[in-house]
Amino acid sequence: MKIAVIGAGNWGINLVRNLRDLGALSHVAEAVPALRERAAAEAPDAEIHEGYEPLLEAGVDAVAIATPVPTHHGVAKAFLEAGIDVFVEKPMTFSTAEAEDLVAAADRGGRVLMVGHLLLYQPAVHWLKEYLDAGELGRVYSMHQERSKLGRARAAENVLWSLGVHDVAVLLHLAGAAPTSSVFSGHCGLQPGIEDDTYLHMDFPGGTKAHLHNSWLWPENRRRLTVVGEKGMLVYDEVAQNVTLHHKTIDAELQNCDGGEEVVFEGSGQPLRLEMEHFIDCLETRATPRSDGQNGADVVRVLEGASPPAGAAS
Ligand SMILES: NC(=O)c1ccc[n+]([C@@H]2O[C@H](COP(=O)([O-])OP(=O)(O)OC[C@H]3O[C@@H](n4cnc5c(N)ncnc54)[C@H](O)[C@@H]3O)[C@@H](O)[C@H]2O)c1
């Protein structure tokens with residue numbers, strides 16, 4: 001398998017390392033000379049280019065795109081139209097129209113199109129999905145997700161687009177549907193029009209609600225999902241990488257029932273490694289990726305509906 005990484009910046013260098021370790025990295029395109037040197041040191045066997053254009057005719061099987069979001073549509077479309085499979089980092093695009101355009105291009109050409117919704121490859125999230133789908137928690141009343149830290153403030157997108165995109169992907173995955181409505185609220189402290197701190201509330205078909213808090217201006221590293229259901233509650237601690245089941249409910253007579261708690265899942269995988277393995281598997285088997293283009297477009301639709309990427313007036 002010959003896969004080219006386009007954009008070997010902060011995140012793309014991780015794609016370079018993982019694909020190299022999987023023996024699937026053939027080329028790297030990176031505009032900045034110092035970063036090209038770093039990529040060459042990490043992957044001495046790969047061909048290194050300044051721009052991505054030569055890769056359109058280099059005989060690669062697929063590309064993995066980790067350039068800034070505004071470039072995703074143009075770069076991905078060029079490769080899809082050249083008959084080359086594409087992995088594109090999250091968020092897939094800044095607009096639903098562009099995302100749907102990529103989905104259509106992939107469909108027309110029978111190409112694999114996968115989006116980098118990393119957390120869908122975390123084993124704990126996979127466990128949660130199976131547990132909830134099996135009905136073990138009964139009706140799911142609400143899901144509460146928090147992802148906050150002193151993070152990298154971005155200039156083109158707010159924290160919902162930057163950090164929350166992961167959570168929106170997980171919440172849609174666990175709910176098994178797109179939300180029917182959402183309410184957004186955010187605060188711009190550092191830059192006009194770019195929220196550092198956001199809240200997104202979503203209503204899903206069947207009555208489940210989801211509440212998401214994201215911040216890159218926060219004193220502690222908080223990554224936690226709480227699911228409140230009819231038969232109990234689950235807490236996924238993403239820092240400790242475990243899931244705790246709380247046997248806690250309130251019955252029809254409004255009496256509290258507290259049966260204690262137990263850790264029901266432990267252990268993290270290397271989600272990026274698992275994500276790249278899944279991509280390679282889809283390239284080989286032509287299976288639809290877990291985070292396929294449509295999934296990426298559904299997430300962009302939620303984000304765009306909540307707050308335009310250049311920052312909503314708030
Ligand atoms: N999955 C994750 O957890 C995760 C984490 C961080 C970032 N990301 C995503 O990865 C993408 C990149 O983010 P980043 O933080 O690495 O940004 P970055 O700015 O550090 O890196 C982007 C790189 O792309 C290069 N580039 C841009 N246009 C190019 C072109 N035409 N040809 C060759 N190189 C080009 C730039 O020189 C730069 O080095 C974004 O979509 C971001 O949202 C994903």
Side-chain angles (χ1 to χ4, degrees), residues 4-19 27-43 46-56 58 60 63-79 86-95 98-99 102 113-122 125 147 149 151-170 173 194 214 216 221 223 238 268-279 289-291 293 295-297 299-300 303 309-310:
V5 171
I6 303 174
N10 281 317
W11 186 251
I13 194 67
N14 297 318
L15 300 181
V16 167
R17 292 186 187 119
N18 274 273
L19 289 169
H27 300 72
V28 177
E30 167 53 55
V32 175
L35 298 178
R36 281 204 296 282
E37 278 175 32
R38 178 178 68 170
E42 290 283 355
E47 254 183 54
I48 312 285
H49 293 265
E50 181 176 351
Y52 65 83
E53 293 80 0
L55 304 181
L56 287 161
V60 298
V63 291
I65 301 167
T67 54
V69 187
T71 67
H72 286 181
H73 175 260
V75 180
K77 183 99 183 259
F79 284 93
V86 168
F87 169 91
V88 60
E89 264 307 334
K90 63 79 197 166
M92 184 180 180
T93 58
F94 271 156
S95 80
E98 283 187 344
L102 292 182
L113 175 59
M114 175 164 158
V115 181
H117 290 313
L118 185 69
L119 295 189
L120 300 196
Y121 301 92
Q122 187 59 272
V125 171
R147 183 176 309 279
K149 63 178 181 178
R152 179 166 173 217
R154 292 185 176 261
E157 69 258 43
N158 67 21
V159 70
L160 176 66
W161 282 84
S162 178
L163 294 183
V165 58
H166 286 300
D167 304 310
V168 171
V170 168
H173 181 60
I194 307 281
N214 293 110
W216 56 41
N221 188 359
R223 292 186 278 153
E238 210 184 294
S268 83
Q270 293 177 297
L272 183 53
R273 177 64 172 253
L274 295 170
E275 186 181 57
M276 289 298 105
E277 284 174 355
H278 183 69
F279 183 48
R290 189 179 305 164
S291 52
N295 184 256
V299 171
V300 171
L303 296 176

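Start at 1 and go down the list; that is how both ligands and their atoms are numbered.
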To the nearest 0.1 Å, how far is [atom] from its closest protein heavy atom, and which atom is that?
| atom | value |
| --- | --- |
| atom 21 (O) of ligand 1 | G9 CA, 3.5 Å |
| atom 12 (C) of ligand 1 | A66 O, 3.2 Å |
| atom 7 (C) of ligand 1 | W11 CB, 3.6 Å |
| atom 27 (C) of ligand 1 | P68 CD, 3.6 Å |
| atom 34 (N) of ligand 1 | A31 N, 3.2 Å |
| atom 36 (C) of ligand 1 | E30 OE2, 3.4 Å |
| atom 28 (N) of ligand 1 | T67 CG2, 3.8 Å |
| atom 20 (O) of ligand 1 | N10 N, 3.0 Å |

Measure across [X] and [Y] and return the closest heavy-atom pair with its distance rounded to 0.1 Å.
| X | Y | value |
| --- | --- | --- |
| W216 | R152 | CE3-O, 3.4 Å |
| Q122 | P271 | NE2-CG, 3.5 Å |
| A4 | L55 | CB-CD1, 3.7 Å |
| S95 | V300 | C-CG1, 3.5 Å |
| I13 | A39 | CD1-CA, 4.1 Å |

Do [X] and [Y] touch side chain to side chain, with heavy atoms closer than 4.5 Å?
| X | Y | result |
| --- | --- | --- |
| W11 | L118 | yes |
| T67 | Y52 | no |
| R154 | W161 | no |
| E98 | K77 | no |
| I65 | H72 | yes |
| L15 | L272 | yes |
| V28 | R36 | no |

As an exercise, identify every atom of ligand 1 less than 4.0 angstrom from a heavy atom of [X].
| X | answer |
| --- | --- |
| Y52 | 31 (N) |
| H166 | 1 (N), 2 (C), 3 (O) |
| V69 | 41 (O) |
| R154 | 7 (C), 15 (O) |
| H72 | 41 (O) |
| G116 | 1 (N) |
| A29 | 33 (C), 34 (N) |
| R152 | 15 (O) |

Ligand 1 contact on L118 by region, counting heavy-atom pairs under 4.0 Å: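 Just the side chain.
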
Contact check: E157 vs ligand 1, nitrogen or oxygen atoms, below 3.5 angstrom: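 Not met; the criterion fails.
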
Contact check: T71 vs ligand 1, nitrogen or oxygen atoms, below 3.5 angstrom: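 By distance alone, the answer is no.
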
Heavy-atom contact check, 4.0 Å cutoff: does [X] meet ligand 1?
| X | answer |
| --- | --- |
| H49 | no |
| L35 | yes |
| H117 | no |
| E53 | no |

For N295, the option from H173, H117, R290 that meets side-chain contact (heavy atoms from CB on, under 4.5 Å):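 The side-chain contact (heavy atoms from CB on, under 4.5 Å) with N295 is passed solely by H117 among H173, H117, R290.
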
Option whose closest heavy atom lies nearest to atom 43 (O) of ligand 1, chosen from E89, E50, K90: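 Result: the heavy atom closest to atom 43 (O) of ligand 1 is in K90.
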
More than 12 heavy atoms from other groups under 6.0 Å of CD on Q270: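 Result for CD/Q270: open.
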
